Amino acid sequence: MAFVKKEGTAGAGRQRGRHMNQEKRRKYILDQLKIKSSISVSELSEAFSLSEVSVRKLLASMEQEGVLKRTWGGAVSRYGSLREFSHQENEVRHREEKRAIAMAAYDCIQDGEAIFLDSGTTVCELARLIVEGPKRNIMPCTNNIYVAMELAKASDIHSIIIGGELRTNIYSCVGYLAEQVLGNLFFDKGFISGNHFTVERGFSTPTLGEAELKRKILSISKEKIMMLDYTKFGDDSMVLIARPEDIDVLITDWHAPEELVESFGDKGVKTVVAPQL
């Protein structure tokens, strides 16, 4: 379906933003973070008709009060390191960015490869592209029910499903049984997602079971590929998955701060920035 941008809507929004007082701007920011957990300085600058310097000062003030946490180029909500969105919540967040990342990931897959597809809505997008695309001499493996259901739509793609303890909020299988099966497999590429990333500590996720399985996948993959949209940057979840230098490729979207991309290069990690669709 094609969407037509109505002229004047954005301008009207900027006009309203220009007349907001500080309290209304603070409320707007917190309301947005309830919806999508992160917001960028550039978004707020446009919404408020303020300079990015002024927006950063406002975010710094709010961080001091403990109502949000600043990140690379924006802010995230203070849900805590245990916060994990469900599959249904994640499905509606940042769809364009996830699709772009998945397209860049699909370009990494070659005929004749065995690949592992981790849990996550970005990985689900990659599974859809595999079904829609021309590459057929590949063997995908996954521990995620939604990813498996997407792959099952193509009768000419043979997949491996890893079972185990089902985590019903994100539909992934983890635990002893899953790790035992993976102990007998090897992959050309492992496509992994995470909940958060910081340059200082690395990639993290809220639960021990997920972290352990992701580390297992990385250990049996010749090429380790991390898929993260820009909202994951600048915060930590409870459990470490991998250090930046443990990853071969990071695929992210066009919102990713340039400093972050450069920091990955300094650690020997190839960074692929998916362009806006």
Side-chain angles (χ1 to χ4, degrees), residues 37-38 69-74 76-85 87 90 93-94 97-98 100-102 104-105 108 115-126 142-144 147 167 169-170 172 174 178-179 182 187 189-253 255-274:
S37 85
S38 66
K69 188 171 184 178
R70 285 188 296 165
T71 65
W72 293 86
V76 296
S77 59
R78 295 194 64 92
Y79 280 122
S81 59
L82 296 178
R83 179 67 164 101
E84 184 176 41
F85 288 101
H87 182 91
N90 270 324
R93 302 170 69 239
H94 313 293
E97 289 82 356
K98 292 174 181 177
I101 292 169
C108 296
I115 61 173
F116 194 94
L117 304 180
D118 185 29
S119 294
T121 49
T122 305
V123 183
C124 274
E125 289 290 346
L126 176 55
T142 186
N143 67 318
N144 184 271
V147 172
R167 300 192 63 235
N169 60 331
I170 62 172
S172 69
V174 299
E179 291 178 41
L182 287 172
F187 301 98
K189 292 183 173 76
F191 293 91
I192 308 297
S193 63
N195 293 73
H196 286 112
F197 170 78
T198 57
V199 175
E200 299 80 9
R201 287 169 288 279
F203 306 95
S204 56
T205 194
T207 62
L208 288 165
E210 285 291 334
E212 289 172 3
L213 194 75
K214 291 173 191 290
R215 284 195 292 268
K216 182 67 177 178
I217 296 163
L218 292 173
S219 72
I220 58 177
S221 299
K222 296 175 186 177
E223 189 170 7
K224 305 156 180 57
I225 302 173
M226 183 67 71
M227 303 165 66
L228 291 180
D229 67 70
Y230 77 103
T231 65
K232 310 290 180 66
F233 299 137
D235 202 1
D236 296 302
S237 292
M238 187 181 76
V239 190
L240 180 70
I241 300 169
R243 303 287 181 188
E245 56 269 24
D246 297 329
I247 301 298
D248 297 310
V249 181
L250 168 68
I251 304 179
T252 186
D253 60 77
H255 294 298
E258 188 175 338
E259 314 95 275
L260 187 68
V261 174
E262 291 174 355
S263 72
F264 262 92
D266 294 340
K267 294 180 181 292
V269 179
K270 177 184 176 182
T271 304
V272 176
V273 179

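Each residue takes its place number in the sequence, starting with 1. Quick caveat, the model's predicted, so the values are computed rather than measured.
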- Task: Would you sort out whether K214 and D118 count as a salt bridge (Lys or Arg N to Asp or Glu O under 4.0 Å), showing the intermediate values?
- Result: CA-CA 8 Å; K214 291 173 191 290; D118 185 29; 2.5 Å; yes
- Message: So does V249 get a backbone contact from the side chain of K224, meaning a donor-acceptor N/O pair under 3.5 Å?
- Response: no
- CD (E258) with more than 12 external heavy atoms under 6.0 Å: no
- Message: Testing the basics here: between C124 and N144, what is the closest heavy-atom pair and its distance to 0.1 Å?
- Response: SG-OD1, 4.4 Å
- Message: When you compare the side chains of T121 and K98, does any donor N or O come within less than 3.5 Å of an acceptor on the partner?
- Response: yes
- Task: Decide yes or no on side-chain contact (heavy atoms from CB on, under 4.5 Å) for F203 and L228, but give the supporting numbers first.
- Result: CA-CA 10 Å; F203 306 95; L228 291 180; 3.5 Å; yes
- Task: Taking the side chain as every heavy atom from C-beta outward, state whether F191 and I225 have any atom pair closer than 4.5 Å.
- Result: yes
- Task: Hey, could you give me the CD1/CG distance between I192 and L117, rounded to the nearest 0.5 Å?
- Result: 9.0 Å
- Item | Contact check, side chains of I220 and L182, non-hydrogen atoms, under 4.5 Å | yes
- Item | I247 side chain near L218 side chain, heavy-atom distance below 4.5 Å | yes
- Message: If we ignore hydrogens and angles and just use 3.5 Å, is the side chain of D253 paired with the main-chain N or O of A274 as donor and acceptor?
- Response: no
- Task: Apply side-chain contact (heavy atoms from CB on, under 4.5 Å) to the pair E97 and Y230, showing each step before the final yes or no.
- Result: CA-CA 8 Å; E97 289 82 356; Y230 77 103; 4.0 Å; yes
- Of all heavy-atom pairs between T207 and R167, which one has the smallest distance, and what is that distance? CG2-NH2, 3.3 Å
- Message: Distance alone, cut at 3.5 Å: any donor-acceptor contact between the side chains of E210 and S119?
- Response: no
- Message: As a test of understanding, state which of L213, T142, V147, N143 forms a side-chain contact (heavy atoms from CB on, under 4.5 Å) with S172.
- Response: N143
- Heavy-atom side-chain contact between P244 and R201 under 4.5 Å: no
- Query: How long is the span from the OG atom in S193 to the CD1 atom in I241, to the nearest 0.5 Å?
  - Reply: 7.5 Å
- Task: Compare every heavy atom of G194 with every heavy atom of M226, then report the nearest pair and how far apart it is.
- Result: SD-N, 4.0 Å
- Query: Going through the distances and angles, do K232 and T252 end up as a side-chain contact (heavy atoms from CB on, under 4.5 Å)?
  - Reply: CA-CA 10 Å; K232 310 290 180 66; T252 186; over 6 Å; no
- Item | From CA spacing to verdict: side-chain contact (heavy atoms from CB on, under 4.5 Å), E125, I101 | CA-CA 9 Å; E125 289 290 346; I101 292 169; over 6 Å; no
- Message: Any heavy-atom pair between the side chains of M227 and L126 that's under 4.5 Å?
- Response: yes
- For L240 and A211, which heavy atoms make the closest approach, and how far apart are they? O-CB, 4.0 Å
- Do the rings of F233 and F197 sit parallel, tilted or perpendicular, given the 30° and 60° boundaries? perpendicular
- Evaluate salt bridge (Lys or Arg N to Asp or Glu O under 4.0 Å) for K216 paired with E179, printing each intermediate quantity in order. CA-CA 7 Å; K216 182 67 177 178; E179 291 178 41; over 6 Å; no
